[in-house]
Amino acid sequence: MGGLFNYWFVIVLMMLGFYIVMVSPNLVKKIMGLNIFQTSAFLLYISVGKISGGTAPILTDTTMPYSNPLPHVLILTAIVVGVATTALGLALVVRIHSSFGSINEDELLDDEDTYRDFEDPLDPALEEPTDR
Amino acid sequence: MEFFVNAFLLALLAATTIAIVRMRRLIATTMLFGIFSLLMAAVFVVLDAVDVAFTEASVGAGISTILMLATLAICGAKQESVPRKQLPAIIVVVVTGAVLLWGVSGLPDVGDPTAPATTHVYKRYVEESGTEIGVPNIVTSVLASYRGYDTLGEVAVIFTAGLGIICLIGAGTGQQRRRRNGNDSGDDV
Amino acid sequence: MEHHPVVRVAAKILIPPILLFALYVQFHGDFGPGGGFQAGVIFGAAIILYGLVFGLKATQSVIPPQVASILTAVGVLLYAGVGVWSVMLGGNFLDYNALDSHDPVHGQHVGILIIELGVGITVAAVMIVLFYGFAGYLRDHD
């Protein structure tokens, strides 16, 4: 199957996903980048389970070797868990949009409203007694 | 032959991912993400992981894409603004990628039948599951029987994620709307 | 999309085979590719397709959101219940050999069938809840 070829592609895809997460200001696209990162990790595992000349791990009468079923099991469940957690992230994006009116990270960081409900623990004004 | 199909699909995957990086229109990006998932499912078929390909095709190209489109519809976002701070990100990505490349250079070749991954539990699963479990699909017998605890945990995680969604945005029962109209002060939105 | 006749007719033709295919994948997962995870997602996708074409209200009259929320827990309980059942029959937790004292392989078949059903119910219900959550939010905040 051509040496480490698959692993190199896994790294390229993973780094592109990582780049999207770091650079894109849009929260939905960030989640998309995380998904690309995650899917390339899945490809890494499946590549580990491949056996040259093998077949899918379903028992038949032929004498071909079977590819390793263990990575398949781990990744199969990880994909469905991945979509559930992605949906949770998207729900958080929706809540951020309803609270702050934007899903652009730069706008959120610049906007004073983002911080209005949070008290800075290092703020000296908070040191004073508040019971008046 | 298998190698060329694999290489071709991986090249298409890389091209799609680069298009996702460069695309600024979010709807188009989401569609490209669906294509990415479908291509990844095809790669999984080439690598003999039919169960995984099945899941990836239905989850990645189906459910994820719909959820992202729904989020974009709720937030009304069409266009992504121009990203800044590109140079530090490129440096981080290149350095991390180089370290990972150095790391995978020690792995056994893809498809090597003597790799450590195929010398331990693999033999037990392939040789014994037919008589111990009596189910032809080894993936099912490992998933449901040998690693039953693991799968129970995964199902619990999915349940918890569903619970989190209900807490965050409701279950679509309209209770949030009723509550909002009930106090009609309009202070929270 | 309720006013596009092509989409409506195509959806009406496609949804029953998709549901049937989900059940096939669910119960044939022992012999071919498939199982609870895939079947749950396909079942959920069929319901989501119905929701996209015919609207949220029509979908929620088929599967009320309260029912979908409860079903997410039912699947996990069914799965864990098999574990408790095997403990009560004298085996370890999730040891399906104990489910049939005469034929352990038959016990394995029964155990796998039930826990795959539990997985399928939870996954399908969570997918439907996700769709209801997002679509309901869109309806309530426009």
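All chains are named by letter (A, B, ...) in the order of the sequence lines, taking the proteins before the strands, and each is independently numbered beginning at 1. Bear in mind that the values here come from a model prediction, so they are computed numbers and not experimental data.
Contacts of I133(B) with chain C are made by both backbone and side-chain atoms, with heavy-atom separations under 4.5 Å. Of the two parts of I158(B), the backbone and the side chain both hold a non-hydrogen atom closer than 4.5 Å to a non-hydrogen atom of chain C. Of the atoms belonging to F37(C), it is side-chain heavy atoms, and not backbone ones, that fall under 4.5 Å from chain B. Proximity to chain B (any heavy atom under 4.5 Å) is shown, for A125(C), by neither the backbone nor the side chain. With a threshold of 4.5 angstrom between heavy atoms, I165(B) approaches chain C through side-chain atoms but not through N, CA, C or O. Looking at F134(C), the atoms closer than 4.5 Å to chain B (heavy atoms on both sides) sit in the backbone and in the side chain alike. With a threshold of 4.5 angstrom between heavy atoms, T131(B) approaches chain C through N, CA, C or O but not through any side-chain atom. Neither the backbone nor the side chain of V139(B) comes within less than 4.5 Å of any heavy atom of chain C. Contacts between I74(B) and chain C at a heavy-atom distance below 4.5 Å involve backbone atoms as well as side-chain atoms.
A donor-acceptor pair is defined here as one N or O able to donate and one able to accept, closer than 3.5 Å; no such pair exists between the side chain of Y137(C) and the backbone of A171(B). Side-chain atoms of D51(B) come within 3.5 Å of backbone atoms of G34(C) as a donor-acceptor pair (strictly under, hydrogens ignored). A donor-acceptor pair is defined here as one N or O able to donate and one able to accept, closer than 3.5 Å; no such pair exists between the side chain of Q108(C) and the backbone of E132(B). One N or O on the side chain of T140(B) and one on the backbone of G29(C) form a donor-acceptor pair closer than 3.5 Å. Not one N or O on the side chain of Y132(C) forms a donor-acceptor pair closer than 3.5 Å with the backbone of I166(B).
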Starting from the C-alpha separation in whole Å, work towards a yes-or-no answer on side-chain contact (heavy atoms from CB on, under 4.5 Å) for F54(B) and V25(C). CA-CA 10 Å; F54(B) 207 156; V25(C) 169; 3.6 Å; yes

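Distance check: T55(B) OG1 to Q38(C) CD gives 3.5 Å after rounding to the nearest 0.5 Å. Of the inter-residue distances, the one linking S58(B) atom OG with F21(C) atom CZ reads 9.0 Å to the nearest 0.5 angstrom. Distance check: N92(C) CG to Y149(B) OH gives 6.5 Å after rounding to the nearest 0.5 Å. Taken to the nearest 0.5 Å, the CG atom of L143(B) stands 6.5 Å off from the CD1 atom of I115(C).
Residues I112(C) and S145(B) come closest through the heavy atom pair CD1-CB, 4.3 Å. Nearest heavy-atom pair across G134(B) and V105(C) is CA-CG1, 4.0 Å.
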